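Step one of this worksheet: look at the structure below.
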Amino acid sequence: METGLMVTAFGDADLADVAVRAEERGYDAVWVGELWGASGVVQATEMACRTDEIGIGTAILNVYSRSPAVLAMTAASLEDAADGRFTLGVGTSTATAVEGLHGMSFDRPVRRAHETIELIRKFTAGTGDPVDYEGELLEAANFPSIETSVPIYHAGLGPANRRVVGRLCDGWIPHNIPFSRLEDAFEEVAAAARERDREPDEIAIAPYVPSAVSDDPSEAREVLRRHVAYYVGSGEGYRRAVATAYPDEADRIADAWRAGDRDDAASAVTDEMIADLGVAGTPEEARERLRTLVAETGIDHPIVVIPEPASSDVTETTIEALAPERS
C-alpha cells in the first residue's frame with residue numbers, strides 16, 4: 001500500500017527533518033501545503049535536496065497567486081531538484097485566502113483552475129513550439145514550451161472541479177468527501193475523462209486522510225472531531241461535501257460553529273462521521289482502518305494528514321503507527 005504524509009512541523013523538527021524521517025519509515029511520498037507564513041515551494045525544494053527516493057508533492061499551490069507560467073517553471077525546477085520525484089498539486093483554495101490574503105478576486109474558480117492546468121500542460125509539453133493560448137480568463141503567446149514530465153494533481157472538490165480533474169489531470173486530491181461517497185464522487189471525474197478519450201483508471205485517487213492515533217482512542221477521536229468541525233463550520237464547500245452523507249449533522253455543526261460555539265460544533269461530529277472522514281484510534285485500530293479504506297474505496301494513494309489540534313505525542317504516534325513498514 002502506497003502511503004503519503006502531509007508534512008507539518010512538530011516538536012523541534014523542521015519540515016525537511018520530518019520528510020527525511022518519513023523516507024526512513026517507508027512512506028512513499030511527502031506532501032507540503034501552502035497558505036501563509038512559509039513558501040511551500042521553498043520547503044519542497046529543501047525536502048527534495050535532503051531526501052533520495054521519496055516522492056515530493058505540493059498539496060496544494062493555489063491557481064491564483066502564481067501565474068501558469070510561474071507554476072510551470074516551478075514544476076520543472078522542482079522536478080529537476082527532486083530527480084524526477086515531484087508532483088505538482090494545485091487547487092483553487094478559498095475566497096478567504098485568495099481575496100483576503102492575496103488581494104485578488106476569487107473569480108470563476110473552476111474556469112481559472114481549468115485554464116491554469118491547461119496552460120501548464122502546454123508550457124511543459126517540451127515540443128519547443130511557441131505556446132499560443134487564448135482562454136476566457138488567461139492567455140499567452142510566443143514563448144516556447146519547456147520539457148518536463150511532472151504529474152499534475154488537482155484538489156477538485158465540487159462536481160465542476162472534479163470534471164477538470166477528469167479532463168486534464170493525472171491525479172485527484174479530494175478532501176472531506178466522506179469515504180463512503182468517494183466512488184460516487186469519482187464518477188464525475190471518470191465521465192469527464194471518457195469524454196476526452198482518457199482512461200479513468202489512470203487517474204490516481206489521492207485523498208487527504210485526517211488521522212490521529214493514540215493509546216487513548218477517545219483522545220484520537222476528539223482530535224478528529226475538532227478537525228471536522230473546523231472545516232464544516234468555516235468552509236461552505238467542505239460543508240456541502242460532508243453533507244452528501246450527513247446533511248443534518250453538517251447543518252448542526254455549521255450552525256454551532258458560526259454561532260461561536262466551537263465545543264458544541266465538535267460535539268456534533270458523530271463517531272460514524274469520524275470513521276467516514278478519517279482514521280482515529282489506537283495504533284492497531286488505525287492501521288486496520290487505513291488498510292480497509294484503501295481496500296474498499298479505490299484509493300490509490302492515501303495522504304495521511306495530522307490535524308492541527310493534535311498534541312506532539314499524538315503526532316509522533318500517528319507518524320509511527322501509519323508508516324507503511326508498520327502497516
Side-chain angles (χ1 to χ4, degrees), residues 1-7 19 22-23 25-33 44 53-61 75 79 82 84-91 113 117 121 149-159 161-194 196 198-211 241 244 275-279 286-306 318-319 321-327:
M1 180 176 73
E2 290 192 358
T3 306
L5 176 67
M6 179 69 76
V7 178
E23 183 170 59
R25 296 298 186 275
Y27 283 94
D28 298 275
V30 286
W31 298 80
V32 60
E53 297 180 353
I54 196 167
I56 311 289
T58 54
I60 59 167
L61 301 180
E79 177 75 347
R85 295 179 284 131
F86 180 65
T87 296
L88 176 65
V90 297
I117 295 168
R121 288 287 193 205
S149 57
V150 176
I152 300 175
Y153 285 27
H154 179 40
L157 188 57
N161 242 331
R162 296 200 298 270
R163 289 193 287 273
V164 174
V165 176
R167 289 192 293 264
L168 296 168
C169 298
D170 303 291
W172 177 39
I173 309 176
H175 185 200
N176 279 322
I177 294 176
F179 298 120
S180 62
R181 297 293 190 271
L182 200 60
E183 185 175 347
D184 291 341
F186 185 74
E187 273 307 305
E188 200 78 53
V189 177
R194 295 186 194 101
R196 291 287 183 95
R198 304 183 70 218
E199 177 51 60
D201 288 345
E202 294 178 1
I203 299 172
I205 302 174
Y208 290 175
V209 181
S211 304
T244 58
D276 206 7
L277 290 163
V279 167
R287 285 194 290 269
E288 180 59 29
R289 178 58 181 153
L290 185 60
R291 283 193 293 265
T292 299
L293 277 178
V294 172
E296 294 182 353
T297 62
I299 293 173
D300 299 295
H301 180 77
I303 300 174
V304 171
V305 177
I306 304 172
T318 304
I319 291 174
L322 298 183
E325 67 175 23
R326 298 294 302 275
S327 299

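Basis for what follows: all heavy atoms, side chains included, without hydrogens, waters or symmetry-related copies. These figures come from a predicted structure and were not determined experimentally.
- Exactly one of Val304, Thr318, Leu293 qualifies for a side chain to side chain contact (heavy atoms under 4.5 Å, CB included) with Val279. That residue is Leu293.
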Run Cys169 and Ile203 through side-chain contact (heavy atoms from CB on, under 4.5 Å) and show every step you take.
CA-CA 7 Å; Cys169 298; Ile203 299 172; 5.7 Å; no

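- Between the side chain of Arg85 and the main chain of Ile54, a donor-acceptor pair closer than 3.5 Å is present.
- Side-chain atoms of Arg194 never come within 3.5 Å of backbone atoms of Glu199 as a donor-acceptor pair (strictly under, hydrogens ignored).
- Looking at Arg162, its side chain does come within 3.5 Å of a backbone N or O of Leu157 through a donor-acceptor pair.
- The side-chain heavy atoms of Trp31 and Ile56, taken from C-beta on, include no pair separated by under 4.5 Å.
- The shortest non-hydrogen separation linking Ile60 to Ala155 is CG2-CB, 3.9 Å.
- Using a 4.5 Å heavy-atom cutoff, the side chains of Val305 and Ser211 are not in contact.
- Residue Glu53 qualifies as open at atom CD: its count of foreign heavy atoms under 6.0 Å is 12 or below.
- What you find for Asp170 and Arg121 is that their closest heavy atoms are OD2-NH2, 2.7 Å.
- The CZ atom of Arg196 sits 6.0 Å away from the CZ atom of Arg167 when rounded to the nearest 0.5 Å.
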Where do Asn161 and Trp172 land on the side-chain contact (heavy atoms from CB on, under 4.5 Å) test, with the steps shown first?
CA-CA 10 Å; Asn161 242 331; Trp172 177 39; over 6 Å; no

Does the pair Tyr153 and Thr58 meet the rule for a side-chain contact (heavy atoms from CB on, under 4.5 Å), with working shown?
CA-CA 9 Å; Tyr153 285 27; Thr58 54; over 6 Å; no

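- Under a 3.5 Å cut-off, the side chain of Arg25 and the backbone N or O of Pro324 do not form any donor-acceptor pair.
- Between Pro200 and Ala193, the closest heavy-atom pair is CG-CB, 4.1 Å.
- Inter-residue side-chain proximity for Pro207 and Ile303 is flagged as unmet; no heavy-atom pair is nearer than 4.5 Å.
- Judged by distance alone, the side chain of His154 and the main-chain N or O of Val90 form a donor-acceptor pair under 3.5 Å.
- Side-chain contact check for His301 and Asp28: no donor-acceptor pair (N or O, by modelled atom type) lies under 3.5 Å.
- A side-chain donor-acceptor contact under 3.5 Å links Asp276 and Ser180.
- Between atom CZ of residue Arg287 and atom CG of residue Leu290 there is a gap of 10.5 Å, rounded to the nearest 0.5 Å.
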side-chain contact (heavy atoms from CB on, under 4.5 Å) between Thr292 and Arg289, worked out
CA-CA 5 Å; Thr292 299; Arg289 178 58 181 153; 4.2 Å; yes

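- Looking at Tyr27, its side chain does come within 3.5 Å of a backbone N or O of Ala323 through a donor-acceptor pair.
- Minimum heavy-atom separation, Leu5 to Ala22: CD2-CB, 3.9 Å.
- The minimum heavy-atom distance linking Ile173 with Tyr208 is given by the pair CG2-CE2, 3.5 Å.
- Looking at heavy atoms from C-beta onward, Thr87 lies out of side-chain contact with Val150 at the 4.5 angstrom threshold.
- The line from CD1 of Ile299 to CD of Glu2 is 13.0 Å long, rounded to the nearest 0.5 Å.
- Considering every non-hydrogen atom in both Gly298 and Ile205, the closest pair reads O-CD1, 3.6 Å.
- For the pair Pro210 and Leu277, the minimum side-chain heavy-atom distance is 4.5 Å or more.
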